[in-house]
Trainee: 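Supplied in structure tokens, the structure appears directly below.
Naming convention: chains lettered A, B, ... in sequence-line order (proteins, then strands); numbering from 1 in each chain. Predicted, not measured: the structure shown is a model, and the values here were computed from it.
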Amino acid sequence: MKKLTDILEERVSQAIKEVCGQAYPAMVRAAADGRFGDYQANGVMAAAKAVKSNPRQLAERVVAAMEIADLCEPPEVAGPGFINLRLKDSFLAERLLGMHRDAARLGIDKAETPKTVVVDYSGPNIAKEMHVGHLRSTIIGDCIARLYEYAGHTVIRQNHIGDWGTQFGKVILALWHICMAENLHKTEKPYYDLNLPDDQNATVFFNQIVNRHQNDWCADSKFVEGDGELYFRPFLDEFSLRSKTLWPVLLKAYQYVNLLDEAFKGMKRTIKTREKIENGQFVYKEISYESLSRYITYMLQQGGQDNEQERKAWSCVKEITMQHCAEIYKLLNATLEHPRDTRGESDYNDKLPQIVIDLKARGLATESDGAICVFPEGFKNKEGDPLPFIIQKSDGAFLYATTDLAALRYRLHGIEYQGQNYQADRVIYVTDARQALHFQMLFATAKLAGWVKDGVVLEHVTFGTMLGEDGRPFKTRTGGTVKLKDLLDEAIERATAVVEKKNPDLPAEQKVNIAKAVGVGAVKYADYANNRNSDYVFSFDKMLAMEGNTAPYMQYAYARIKSIERKATGKDVDIEKELAGIASMTLAEPAEKDLAKLLVRYDQAIAAAMAECRPNYLTGYLYDVAQAFSRFYTTCPVLTADPESRPARLLLCDLTARTIRHGMSELLGIEVVEQM
RNA sequence: GCGCUCGUAGCUCAGCUGGAUAGAGCAACGGAUUUCUAAUCCGUAGGUCGCAGGUUCGAAUCCUGCCGGGCGUGCCA
């Protein structure tokens, strides 16, 4: 079905055009106040100004010229020139029935011209657990992807994971430590399980570790010293089979390597390493222990056969991390589990030099203080000088600006996705607001480079910070970052307690499912319900409250409807038959009418949420629906209603349930439950 | 300094390209349950929309200035 507001807009605009001799938008909106009608057209006042006539009189003439009797009661002119529209019962009924007939899409059409939309979101880092900082990007991005997909566009999700940086040497080292602990120190407690000594004994302790490290390295030799063929390679070969159990160990070992790195700053310890040279021979050299992880990173980034173990280790770590992320995505109901949706920094690695070469060749990038920079117009630094977008550091290394440029070019020029080639019409980045300047410069640079065709939209969808109840960034009591898993587990735990209290007689398995839906749903919904631009205060108590604009409230409304459906047969009500028999309906009760009028606005709510990538427009709408339903529920009995009014009430229940289910489950990725 | 962003009821927040008397929830107070899940509903009270100008028939919304918070601002991401 055509969008309701579009239909009204068209009719009123047509009348304005007839009266004024020129087109002006009718600006049809849902009425601010029910007493003014259902919709109001605000455009006449602006049109009156343009044609220099009295707005009230113009409105009268527009009303006279308007052909809308099939849709609305006779329109009224009010105030300075508003036109108030009240939907005819017959038209309202027609819309409701149209929604009812279209089970899959609730009467909402797909976009006439489907676009290719890239949504870049979540972006976790390798070898780290997802934490609360990833929550907003993941779920807001997911909602945007779902919205565009539902609207009929081709959505390409891009999880731009942080899998290529200076920390990878450390991660590989951590993996190696695990391997050595398992093979050479079976009887001892691994170092990464030990508490570190205090300052006094630290030097001795750390020296022991380096010595052991050196000895281990020498011991792991089969063909030549330190080739890692004895232990490390077999370890890596079997890694996949054990990845699940190794994940927590890796996290610990990685932390431990970080500690070592800190501890060895300035200690001037050296350690032996090897490097393969041209003729196939190894050369050995001593490097400072401090720089070991950087050295491994260097080897990794060199690529090639000689550094195969580093690459293998790296890909093992990537695999294990993505398994962890997939679990979180599954729990969150984020549609980002498929490997094709992940394309991280490393995928662009070999494209980076060319990006710099191209930009230099076009004269866009220049050298400044040793770094290669683009200076897009309009960006200034503290001194008022042009602000650089640095694409290559003075030491020759590339940075995230370079990677982002490569990724953007890939998205604009040709994406390989499910065996087809796409070019993005729209690229949406979902990251926190602190990166706004970076993306402005990124987009400006891409435009300077001529990569962005006319009509292509680059968009940075920002969001604010999650705050604790003290109003400061959300942290654990000890000041650490909160793991996403822990956060969700706690939400589920709290929800379990509520379910247990409210509905102890449900089967255990069902209670588990309800607690998960309610707990995770509460966290997601609370985030969605906030204007994404503002920082928001995270509170379990508020989001799990059953009152107010919360997931449980929505889920409860849905469960009540399902309960009516279950009880129908016991009261000799054949819902399907009654729904099928509806040809027209009268909605006598105000609560019925209010609910009905809200239901036909679903298309508008989705359009608004999509236009500005604001999930809170959708939650706001769904909350209105749920509230209207709750009022209806208390004043209008359904199953025991008169045979004349019952079919309409059943229809309202059915549409409410489907709207809530669709909005919550399909668009927000929040499960609804049959009982709670 | 400059840029971005926020400032709305005691608290947490909505407010959809400017639209009529600014809305929810919590907290407070009062009411509703022999009837489909009271995890609900109804009512009362609570606001100089940070401040001051400006544009407009009309401003929480747009513009300017100021005040206050957060973030960013050349080799981290």
Side-chain angles (χ1 to χ4, degrees), chain A residues 25 27 29-33 35-36 40 42 45-46 48-49 55 78-82 123 125 162 165-166 345 368-373 379-385 387-395 397 399-401 403-404 431-438 440 462 464-465 467 469 471 473 498-499 501-503 518 529-531 533-537 539 541-542 545-550 552-553 555-557 559-568 570-571 573 604-605 607-609 611-612 614 616-617 619-621 623-624 627 630-631 633-635 637-640 653 675-676:
Chain A
M27 303 215 291
R29 306 275 182 276
D33 189 316
R35 283 171 298 181
F36 302 140
Q40 58 186 63
N42 302 334
M45 290 169 285
K49 195 180 166 189
F82 297 103
N125 290 311
T166 46
E345 291 168 356
S368 168
D369 290 343
I372 310 297
C373 310
F379 298 93
K380 298 224 173 353
N381 68 9
K382 287 173 197 158
E383 285 75 40
D385 299 327
L387 189 67
F389 190 56
I390 301 176
I391 58 173
Q392 188 170 20
K393 300 204 292 185
S394 48
D395 65 2
L399 5 69
Y400 77 126
T403 313
D404 276 353
T431 78
D432 67 289
R434 287 177 305 202
Q435 297 186 48
L437 183 61
H438 167 73
Q440 278 177 30
T462 59
T465 314
L467 306 174
E469 292 191 67
V498 180
V499 175
K501 188 175 153 208
K502 298 283 183 186
N503 226 336
V518 171
N530 277 281
N531 181 330
N533 274 333
S534 38
D535 298 346
Y536 83 97
V537 176
S539 159
D541 290 334
K542 286 204 171 113
M546 308 304 154
E547 308 86 22
N549 190 5
T550 64
Y553 180 90
Q555 288 161 327
Y556 179 62
R560 283 171 125 185
I561 300 173
K562 291 291 140 180
S563 181
I564 292 177
E565 290 175 7
R566 278 195 303 277
K567 298 237 157 117
K571 305 217 172 184
V573 178
Q604 169 61 25
E612 294 191 44
R614 288 185 190 276
N616 69 310
Y617 289 173
T619 57
Y621 168 80
Y623 180 53
D624 287 343
Q627 265 189 319
S630 290
R631 286 187 202 112
Y633 183 89
T634 43
T635 51
V638 178
L639 296 177
T640 54
C653 285
Q675 278 175 279
M676 67 184 283

Trainee: Counting the atoms with a prime plus P, OP1 and OP2 as sugar-phosphate, which does A:Tyr617 contact under 4.0 Å by heavy atoms, base, sugar-phosphate, or nothing?
Mentor: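 The answer is sugar-phosphate, as A:Tyr617 gets under 4.0 Å only of primed atoms, P, OP1 or OP2.
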
Trainee: Might you list the N or O atoms of the protein lying below 3.5 Å from N or O atoms in nucleotides 22-24 of chain B, with each pair's distance?
Mentor:
{"from": "B:A24", "atom 1": "O2'", "to": "A:Tyr623", "atom 2": "OH", "distance (Å)": "3.4"}

Trainee: Determine the interatomic distance between C1' on B:A45 and the same-named atom on B:C2; round to the nearest Å.
Mentor: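 About 46 Å, rounded to a whole number of Å.
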
Trainee: What integer number of Å spans the P atoms of B:A20 and B:C16?
Mentor: 11 Å

Trainee: Tell me the interatomic distance from A:Asn42, atom CG, to B:G19, atom P, rounded to whole angstroms.
Mentor: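 A:Asn42 atom CG is separated from B:G19 atom P by 7 Å.
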
Trainee: For B:A9 versus B:A60, give the span between their C1' atoms, rounded off to a whole number of Å.
Mentor: 14 Å

Trainee: Distance check, P atoms only: B:C11 and B:G58, in whole angstrom units.
Mentor: 33 Å

Trainee: Nearest to the A:Ala559 side chain among B:U56, B:U37, B:C16, which nucleotide is it?
Mentor: B:U37

Trainee: Toss me the dot-bracket line for RNA chain B: Watson-Crick and G-U wobble, both under 3.5 Å, 5' to 3', using | for pairs to another strand and [ ] for crossers.
Mentor: (((((((..((((.....[...)))).(((((.......))))).....(((((..]....))))))))))))....

Trainee: Can you list everything that forms a side-chain contact (heavy atoms from CB on, under 4.5 Å) with A:Ser630? Sequence neighbours excluded, please.
Mentor: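 Checked A:Ser630 against side-chain contact (heavy atoms from CB on, under 4.5 Å); matches are A:Tyr553, A:Arg560.
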
Trainee: Could you state the atom-to-atom distance from CE of A:Met27 to P of B:U17 in whole Å?
Mentor: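 Atom CE in A:Met27 sits about 9 Å away from atom P in B:U17.
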
Trainee: At less than 4.0 Å, is any side-chain N or O atom of A:Asn530 found next to OP1 or OP2 of B:U12? Yes or no.
Mentor: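 For B:U12, OP1/OP2 do not have a side-chain N/O of A:Asn530 under 4.0 Å.
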
Trainee: Please measure how far the C1' atom in B:U17 lies from the corresponding atom in B:U12, and state the result in whole Å.
Mentor: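 About 28 Å, rounded to a whole number of Å.
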
Trainee: Using whole Å, what does the distance between atom C1' of nucleotide B:C75 and atom CD of A:Gln392 come to?
Mentor: 11 Å

Trainee: What distance, rounded to whole Å, do you find between the two C1' atoms, one in B:C41 and one in B:U56?
Mentor: 42 Å

Trainee: Would you tabulate the pairs of protein nitrogen or oxygen atoms and nucleotide nitrogen or oxygen atoms of nucleotides 70-74 of chain B closer than 3.5 angstrom?
Mentor:
{"from": "B:G74", "atom 1": "N1", "to": "A:Ser368", "atom 2": "OG", "distance (Å)": "3.0"}
{"from": "B:G74", "atom 1": "N2", "to": "A:Ser368", "atom 2": "O", "distance (Å)": "3.2"}
{"from": "B:G74", "atom 1": "N2", "to": "A:Ser368", "atom 2": "OG", "distance (Å)": "2.6"}

Trainee: So, using side-chain contact (heavy atoms from CB on, under 4.5 Å) as the criterion, who are the partners of A:Ala433 when residues are at least two apart?
Mentor: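 Once residues adjacent in sequence are excluded, the partners of A:Ala433 under the side-chain contact (heavy atoms from CB on, under 4.5 Å) criterion are A:Thr462.
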
Trainee: What residues form a side-chain contact (heavy atoms from CB on, under 4.5 Å) with A:Ala529, not counting sequence neighbours?
Mentor: A:Tyr525, A:Asn549, A:Thr619

